[in-house]
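Heads up, the thing below is written out as structure tokens.
Just so you know, these numbers use all the heavy atoms, side chains as well, and skip hydrogens, waters and symmetry mates. Start at 1 and go down the list; that is how both ligands and their atoms are numbered.
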Amino acid sequence: MELTELRGVGPARQRQLLRLGLTRAEDLVFHFPRAYEDRSVVKRLAEVQDGDRCSVLAHVATRPAAVRIREGMELLKFRIFDDSAFAEVTFFNQPWVKDRLEHGEAYLFYGSWEAFRGPKRVTNPSFERPGSPDAGAILPIYRTTAGLSQHVLGGLVGQAVERLAPGLEDPLPEDLRAAYQLVPLQQAIGDIHRPGSSAAVERARRRLVFEELLVLQLGLSRLGRHAPNETSVRIDPCDMTPFYEGLPFRLTDAQRRAVEEGLADLRRPVAMNRLVQGDVGSGKTAVAAALAYAAARSGYQTALMAPTEILAEQHLRTLSGMLSPHGIGTALLTGGLRAAARREALLDISSGRAAVAVGTHALLEEQAAFAALGLVVTDEQHRFGVAQRSRLAAKGDRPHLLVMSATPIPRTLALMIYGDLDLSVIDQLPAGRRKVETYVVDESMRPRIDRFIKKLLGEGRQAFVVCPLVEEGEDDRKAVQSYAKALGALLAPHRVEALHGRMKPAEKEAVMRRFAAGETAALVSTTVVEVGVDVPNAALMVVENAEQFGLSQLHQLRGRVGRGVHQSYCILLSRNRGERAMERLKTLCRTDDGFEIAQMDLQLRGPGDFFGRRQHGLPALHIADMGRDLEVLREVGEAAAQLLAEDPALEGPALRALRGRAEALFERSEISLN
Ligand code: ADP
Ligand code: MG
């Protein structure tokens, strides 16, 4: 049905609706409220607490009088009462209110109440006569656009629901609804837009979330990601003793377990698809090295892809340190190589001379050809699209895949993003690690922080300072350089260097190398150090404008220190003194459990952090929220598995509608996962 078939929609309204992405009247039915104004809670004035949002049934006690405070600012003030107390009502710049309120009459006033000192007060409340349709109701609040009021939009949605909802077919079969206690679609649509109670909102929402996630899950499984991928790559069991004995440390039990799980996968005729999840510093690289060792022993190459050049270079150092004593050659391939070095790397890789190729996206380029690629490892996978991982895999004959991530994504989510995969968790840090002492401070602590940095550097330690760009488009070079200069003056004679995104890879590496070698005492950077950089003597991480980061990101940054024997510190500077901002950051003082932190991030910021659409390649969600709805997601996983077990092609008449949705979902979005 065309938008213009709705009463009150002409060309101007239509344009406003189009701006909201609503192209047909049907879309309005599925334009769900982003929040509700719950006016159903009615309190007596005496019960109202400071900060309450609620309704109060009260009489107008004094005749509303308008006062002009200054040009363009008019104040309307009057008193109301119920049988328990009096209160004051103020309206700013709403002169018409005067004519709608009658002295002595009772109204339901809804708003945010103030109740500290003096009489209780409310400003710009909404008010209705008792018994009118909106009085004491739970009102939807929609995402809207300039010129389109909540009232008008709500009216249009109501109209669309009234005319179209009765014709909607419920894609969820009845027995599924019964099994998971899901209300029928029409009821859900009715309740989500015009709920009679907050319980009704919850029921409606759960049902709609379930449907959305189920469609997504079925769509993903139809892409065939769950089919076992047979491979000819066979990596035989080998004696790992020389590798273990050559390491400068003993693997932790958790690392050992991850290696064993990986080795067991490698010898199977089905390509491994394994996620190694381990907090920062848990030693994931050694696990990758162990598997690369086994692959090399069977004549296969390993490709390890890292998100940044610095990280790729560091991995190369680590891996060649662990592998070259065993005669296993390595090569580095990054975008920043000079032509000659690049030619040589490509040749080493294509000839098989390098059994291990470490690199960035450069590994994906067409010229990068492998002699016998058997194992693909990606580090910090959530930064790579699924498609990139597949492109690298295509350089071999269905090689084994290992994904390393420090982001502890709940398993249900991991399944959704990566498809069917196995999980190894490294839930143990190498012995002797000390907790990084973490502080959240504001600007007033600056002098103390400066003294603290000086003191630590005086003891021979090193420091990272991270200063993110404050404004988009700001020149990171300037910002970082001027900061580094100021810090250098403060810390002289200690050397301070800057690292920023616009440096040439060779410059960056030189700076990192000087820092790693201890020639530089403090390193000031944007976020290029975020992932994986390892400098054991660094004992201090200072993060400026910490409020701009997600908690997981900060946790990763903090993981840059505390890697050696020294007590380490992390100082989070926040310009935002708001209680909530500070509270959020203080989570990091309380815990160093990456899983708990990620969970907190999900709750506070939503899934955007790990789930930028670009990163995971899943279609956008309308109502489900990967942070809030993990429990529903778990049920959906179970339901999808059962549906697919009973009817793998979803051909039965009861599933036709669901299948249609699942297919449409991935037709509309341009992504493909393989
Ligand atoms: P991440 O899991 O964050 O990638 P890394 O692999 O970079 O961690 O390892 C962090 C540091 O811990 C490195 O310096 C590494 O050499 C060291 N390391 C790894 N495993 C162990 C271990 N079992 N015992 C002691 N140190 C270890
Ligand atoms: Mg790492």
side-chain hydrogen bond (donor to acceptor under 3.5 Å, both in side chains), paired with Thr438, selected from Arg590, His555, Arg558, Lys586 =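 Going through the options one by one, the only one that passes is Arg558.
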
ask   = Atoms of ligand 1 less than 4.0 Å from Thr285 heavy atoms?
value =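 Per the distance check, 4 (O), 5 (P), 6 (O), 7 (O).
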
key: Atoms of ligand 1 close to Leu251 [distance to a heavy atom under 4.0 angstrom, numbered from 1]   =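 Within the 4.0 Å cut-off of Leu251, ligand 1 contributes 23 (N).
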
query = Any idea which part of Thr252 is under 4.0 Å from ligand 1, heavy-atom wise: side chain, backbone, both or neither?
reply =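 Answer for Thr252: both.
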
query = What part of Arg250, side chain, backbone, both or neither, has a heavy atom within less than 4.0 angstrom of ligand 1?
reply =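 Backbone only.
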
ask   = Any idea which of Gly283, Ala289, Ala254, Ala286 brings a heavy atom closest to atom 8 (O) of ligand 1?
value =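 Comparing heavy atoms across Gly283, Ala289, Ala254, Ala286, the nearest one to atom 8 (O) of ligand 1 lies in Gly283.
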
ask   = Hey, does the side chain of Ser298 reach the backbone of Asp236 with a donor-acceptor pair shorter than 3.5 angstrom?
value =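 Here the side-chain-to-backbone pair exists.
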
ask   = In terms of the angle between their ring planes, are Tyr569 and Phe452 parallel, tilted or perpendicular, with boundaries placed at 30° and 60°?
value =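 Aromatic pair Tyr569/Phe452 classed perpendicular.
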
request  = On the 0 to 90° scale, with breaks at 30° and 60°, tag the Phe515-Phe464 ring pair as parallel, tilted or perpendicular.
outcome  =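 Tilted.
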
request  = Using distance alone, decide if ligand 1 has a nitrogen or oxygen within less than 3.5 Å of any nitrogen or oxygen in Gly281.
outcome  =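 There is such a contact, yes.
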
ask   = Does an N or O anywhere in Gln255 fall below 3.5 Å from an N or O of ligand 1?
value =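 N/O-N/O distance under 3.5 Å: yes.
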
query = Hey, is Ser282 one of the residues with a heavy atom under 4.0 angstrom from ligand 1?
reply =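 The answer is yes: ligand 1 sits under 4.0 Å from a heavy atom of Ser282.
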
ask   = Is there a donor-acceptor contact under 3.5 Å linking the side chains of Glu497 and Thr520?
value =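 Note: Glu497 and Thr520 side chains meet the donor-acceptor criterion.
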
inquiry  = Using salt bridge (Lys or Arg N to Asp or Glu O under 4.0 Å), reason through Arg250 and Glu245 one step at a time and then give a plain yes or no.
reply    = CA-CA 8 Å; Arg250 259 180 67 89; Glu245 286 183 348; over 6 Å; no

